[in-house]
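First the structure, in the form of structure tokens, and then the observations on it.
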Amino acid sequence: MNVAVVGANGQIGKQVIGLLKESSEHTPKAIVRKEEQARAFEQDGVQSSLVDLEGTVEEITQGLKGADAVVFTAGSGGKTGADKTLLIELDGAVKTMEAANQAGIDRFIMVSALQAHNRENWNESLKPYYVAKHFADRALEQSGLTYTIIRPGGLLNEAGTGKVTGGENLSRESIPREDVAATIVASLDEERTFNKGFDLISGNDGIEEAVRNV
């Protein structure tokens, strides 16, 4: 499976690319917005495509061509305002869904946020971010794509444990980005994750087992 990773230069995106590159079953395509990022991936043997999520659906469609699946893990970053959050995490995500449909791609994995589906559990200090994630997830559910929505807890820059818990309404805990990336890759072909969303935190289950039981 050729997998286009939107937001490939982000912390989770880079780890997803690395896992796909090592895989015997999948081939990554890095979707990035800067030429120097694209060059770095190409030098590492990873096909890349320049895409601006604030551009047109047609431009995004061109960038996704040749892929069989999309992983959306793009973000505007913590230093931007609510306007950029809505333009990237919401509108950029929805345009990518439309582009996937136009490009004939059916499989779509969204990296969301813990409890984004429950308004009463949103982090008040990050409300525009949760609004964007909530409605992007809802758009994906109605898109006709074969989707998986992964809602990780607080993201840690530490070594993964390979042990997670996936479920519908989990407590506000944390998880290493490495384990989120591994869960994304494990979900690509796992039919039990198709057309489902789940919270994801560190836990006691192996990742393959966790994605089979969500």
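Residues Leu155 and Ile149 do not share a hydrophobic cluster, clusters being chains of Ile/Leu/Val/Met/Phe/Trp/Tyr side chains in contact below 4.5 Å. Hydrophobic clustering, with ILVMFWY side chains joined whenever heavy atoms are under 4.5 angstrom apart, groups Ile109 together with Ile175. At a threshold of 4.5 Å between side-chain heavy atoms, the hydrophobic network of Ile, Leu, Val, Met, Phe, Trp and Tyr places Ile31 and Ile105 in one connected group. One hydrophobic cluster, built from ILVMFWY side chains closer than 4.5 Å, holds both Met1 and Ile184. No continuous path of hydrophobic side-chain contacts links Leu188 to Met110 [ILVMFWY only; heavy atoms under 4.5 Å].
A side-chain contact (heavy atoms from CB on, under 4.5 Å) with Val3 is found for one member of His26, Lys29, Arg107 and no other, namely His26.
The environment of CD in Glu36 is crowded: more than 12 heavy-atom neighbours from other residues, nucleotides or ligands sit within 6.0 Å. Taking a 6.0 Å sphere around CZ of Arg172, one finds it holds more than 12 heavy atoms contributed by other residues, nucleotides or ligands. Enclosure of atom CG in Asn204 is not indicated, since only 12 or fewer non-hydrogen atoms of other residues, nucleotides or ligands lie within 6.0 angstrom.
Put simply, CD on Glu22 and CG on Leu20 are 9.5 Å apart, with the number rounded to the nearest 0.5 Å. Distance check, rounded to the nearest 0.5 Å: CG of Leu64 to CD of Glu59 gives 12.0 Å. Considering CG of Asn123 and OH of Tyr129, their distance stands at 10.5 Å, rounded to 0.5 Å. For the atom pair Glu89 CD and Phe135 CZ, the distance stands at 15.0 Å (nearest 0.5 Å).
Asn118 and Asn169 form a side-chain donor-acceptor contact under 3.5 Å, judged by distance and modelled atom types alone. For Glu25 and Ser23, the side-chain atoms include no donor-acceptor pair closer than 3.5 Å.
Distance alone, capped at 3.5 Å, places no donor-acceptor pair between the Gln15 side chain and the Ala182 backbone. Distance alone, capped at 3.5 Å, is enough to place a donor-acceptor pair between the Lys133 side chain and the Val111 backbone. A distance-only check finds no donor-acceptor pair linking the side chain of Asp106 to the backbone of Leu145 [under 3.5 Å].
The closest side-chain heavy-atom distance from Val16 to Thr73 is not below 4.5 Å. When side chains are defined from C-beta on, Phe41 counts as touching Asn9, because their heavy atoms get closer than 4.5 Å. Residues Gln102 and Glu58 have side chains in contact (heavy-atom distance under 4.5 Å, counting atoms from C-beta outward). When side chains are defined from C-beta on, Ile12 does not count as touching Val71, because their heavy atoms never get closer than 4.5 Å. In this structure, the side chains of Gln47 and Asn2 stay at 4.5 Å or more apart for every pair of heavy atoms.
Here the closest heavy-atom approach between residue Lys95 and residue Gly55 is recorded as NZ-O, 2.7 Å. The two atoms that bring Ala186 and Ile207 nearest to each other are CB-CG2, 3.8 Å, heavy atoms only. When all heavy atoms of Ile60 and Asp52 are compared, the closest pair comes out as CG1-O, 4.2 Å. Contact detail for Lys163 and Gly206: the closest heavy-atom pair is CD-N, 4.0 Å.
Salt-bridge check for Glu54 with Lys84: passed, with a basic side-chain N closer than 4.0 Å to an acidic carboxylate O. Comment: Arg151 engages Asp199 in a salt bridge, judged by a side-chain N to carboxylate O separation of less than 4.0 angstrom. At a threshold of 4.0 Å, the pair Arg138-Glu141 does not count as salt-bridged, since none of the basic side-chain nitrogens sits closer than that to a carboxylate oxygen.
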For this session: Please report the C-alpha distance between Leu53 and Phe72 in whole Å, then the side-chain angles of each, then the deciding distance to 0.1 Å, and finally whether the side chain to side chain contact (heavy atoms under 4.5 Å, CB included) criterion is met.
Result: CA-CA 11 Å; Leu53 293 177; Phe72 190 93; 3.9 Å; yes
